[in-house]
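Right, one structure below, let's go through it.
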Amino acid sequence: MTDLESFRAEVRGWLEENCPASMRTPVPEDEIIGGGSKQVYENPEAKIWLDRMAEKGWTAPTWPTEYGGGGLSRDEFLVLQDEMARISARAPIQGMGFSMIGPTLLDYGTEAQKREHLPRIVSGEIRWCQGYSEPGAGSDLASLQTRAEDRGDHFIVNGQKVWTSGANSADWMFTLVRTEPQAPKHEGISFVLIDMDQPGITVKPIQLISGSSPFCETFLDNAIAKKENLVGKLNHGWTVGKRLLQHERSAISGLTTGGRSGRFDHTRSLPEVAKEYIGMQGCKLADAILRDEIVKNRMNSAAYNLTQRRAMAENESGGTPGFVTSVFKYYGGELGKDRMEIQLKIMGTQSLGWEGNMFTEEEKLATRSWLRSKASSIAGGTSEVQLNIISKRVLGLPD
Amino acid sequence: MALVLNEEQNMLRDAAKDFCSKNVAITELRKLRDNKDETGFDREIWKQMVELGWSGITIPEEYGGLGFGYTGLGVVMEECGRTLAASPLMSTAVLGSSCVLLAGTDAQKSELLPKIAAGELIMALALEESPHHAPHRINTSAAKSGDGYVLNGSKKFVLDGHVADKLVVVARTAGKEEDREGISLFLVDSGADGLDITRTIMADSRNAANLELVNVAGTLMGEAGQSADLLDRVLDIGRIAISAEMLGGTQEAFERTIEYLKTREQFGVAIGSFQALKHRAADMFCEIELSKSVVLGALSALDEDSEDIAKLASLAKSRLTDTYNLVSSEAIQMHGGIGMTDEHEIGFFIKRARLCEHTLGNAAYHRNRYGELEGY
């Protein structure tokens, strides 16, 4: 037996023994665990599952063991994913700690920062949110104005952040602040970690067109950030911040998971839905034009998935932060939106119900998912910003 | 599924790139066109390609080939696509040799495959009967006569038809138009009585011909009336191979266009600084990245004899058709007036792109087929 085969056997045995029965079902949106001090575990088995996985370091399987991670190789990680998928095991926890700030600290954090923050992400003790955008700094992120003044061993931070996803349930925020107002805009920015549990921070949820409120506005009014929580050098935060965005785009594009968890996995495939709502005529869907749209989307998705696999194969270390993430972020975002638009056409008015019992749960989910999918070409850098990055960094087109 | 090239395949690619850029640049195609060359390719260059092993790249070693596999064929096709190299690679090394390999008797394989590999035999597949790809819409008939068959009908768009030594003719021994049942493959000598071959001059300056068959003698390959599945596989191999060629042409046209955007100045700046062009260029880059993946995936499926060959063939042919068309059209637009001139080489790509589009099924054909293969 090869090492990988014996690892597979070991994982399979451990999962059989340790994954609670109720954790072997698809996870509804409202039961996704994000961890942190404000997390409520309505199903006690969710907490048991999290603790057991965290104990193994398998909530962050590829992080080094000295920071609480699983220390798995890329291949072992894929085996773990396979085996979890085999029994439909839920992800024990997910969030920005794992997909964004954790990998960024591994790249740029000091030894002390890694030891302080990473184990508490792995265990689910601390939940993170992202303080990047501001009312006046969206696509032009580097024009951000939130000000951090040097007060010896700490900074005093004043300003306003928007689209801080999950800020109302987060314990800490990683944020970009201006530390040198006189410098050119990219050169006066620093990357700091801020404890949310202090009087200077106020969080207000923002309701979106989909009716949900995953994002917040976060107001910083003389908030305190300790100097030890400056990541990278003072005024060099833009470099750190950009790296984090690459990790974010990788996560959004499903790159870090090898394309195994598309964002709309919880819904039925378009052809399945179409067979029910449109019906078949002979061996083809009854609406020829809609059928062509469905096939196009399916074929583009297949090409996209093959490209994810190719990117992973090309970079054995996986993850592939780099320009290529912009390709995935752009194409994946557009593909996801396209898919939801087609689903609406398939379901007709049944996909536009807002609430009440005249619509199935799947139909109401379609309405909300369609509206939410519009964010996939905005959040994490708009499609247009991705195209700018590709034309500049990859194609070398002049400014 | 191998989605990256191994070392041997990379070496083959480098050798092919080197050969094509030195020996079969677009200037060669222009010469063939302007000289109204009767063969439509340079036999001396074909001989050199044969010496490199390209004619027998997928033919097993026992029949004198290289046995290098389909991914190897793909990298050669891609490099030939970059320089629009005219050669009988598609007609003979892809379609002809696949017909013999999949449908031929042992005797036919032993006789023909070593000749193909040695460059002694040019073959052509006579399939289409209308201006649209319709592999099972066959009206050409084949009737038993003594030991053999006599064929009657007409064929269009036969690649390298006028220079082929032997043709594989798709004809019907039974059934009605569109029936899979009754489709058969026949070997026909190009000099056979009753066979009239007319070369068609196409926009891409490459080879095609129309055939008229009046009581032409043919030798059956495979089982009479049962060759639809074999034919589908041969066509899938052809679709994947031409997708690889299209990937090469797409990338070349794109790279030339990006270079132009960086050097052409208007309003005092390089036109590549305009966001209206940048975003279209970046969008094409993404489509090309996806195109690379589907071509590699399809070639690797052939090498692994996977169950997904048909789906991946349609995925590749459909996507590459759309991408090559997009990029070759944008290439003209972004070159502006100079792109409209015959003197500039960029215009050669749009012509080749459209001929490729109609070779073995356009994008809509393959979307329809993909849906059928997925069961809806």
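In what follows, every heavy atom counts, from backbone to side chain, and hydrogens, waters and symmetry copies are set aside. Just so it is clear: chains get the letters A, B, ... in the order the sequence lines come, proteins before strands, and each one is counted from 1.
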Side chains of A:E363 and A:Y277: any donor to acceptor distance under 3.5 Å?
yes
Please look at B:N368 and chain A and tell me whether the side chain, the backbone, both or neither of the residue comes under 4.5 angstrom of a heavy atom of that chain.
both
Tell me, for B:R319 versus chain A, whether the close heavy atoms (under 4.5 Å) come from the side chain, the backbone, both or neither.
side chain
Per-residue contact mode, B:K292 against chain A (heavy atom under 4.5 angstrom)
both
Apply salt bridge (Lys or Arg N to Asp or Glu O under 4.0 Å) to A:K296 and A:D338, showing your working.
CA-CA 10 Å; A:K296 268 186 206 160; A:D338 184 46; over 6 Å; no
Between the side chain of B:R239 and the main-chain N/O of B:A313, is any donor-acceptor distance below 3.5 Å?
no
Looking at B:Q333, I'd like to know if its CD atom is crowded, meaning that more than 12 non-hydrogen atoms belonging to other residues, nucleotides or ligands lie closer than 6.0 Å.
no
Below 4.0 angstrom, N of the basic side chain to O of the carboxylate: do A:E341 and A:K374 qualify?
yes
Given the options B:L290, B:V294, B:L296, B:L3, which has more heavy-atom pairs under 4.5 Å with chain A than any of the others?
B:L290
B:T71 backbone acceptor or donor facing B:D303 side chain under 3.5 Å:
yes
Can you tell me which portion of A:M299 sits under 4.5 Å from chain B's heavy atoms? Options are side chain, backbone, both or neither.
both
Sort out for me which of A:E384, A:R310, A:K275, A:Q386 touches chain B most, counting heavy-atom pairs under 4.5 Å.
A:R310
Between B:E255, B:K278, B:E289, which residue shows the highest count of heavy-atom pairs closer than 4.5 Å to chain A?
B:K278
Given that the side chain runs from C-beta out, which part of B:F254 has a heavy atom under 4.5 Å from chain A: side chain, backbone, both or neither?
side chain
With A:K337, which of A:S377, A:S373, A:S376 fulfils side chain to side chain donor-acceptor pair (under 3.5 Å)?
A:S377
Interface check, chain A: of B:S273, B:A316, B:S293, most non-hydrogen pairs under 4.5 Å belong to B:S293
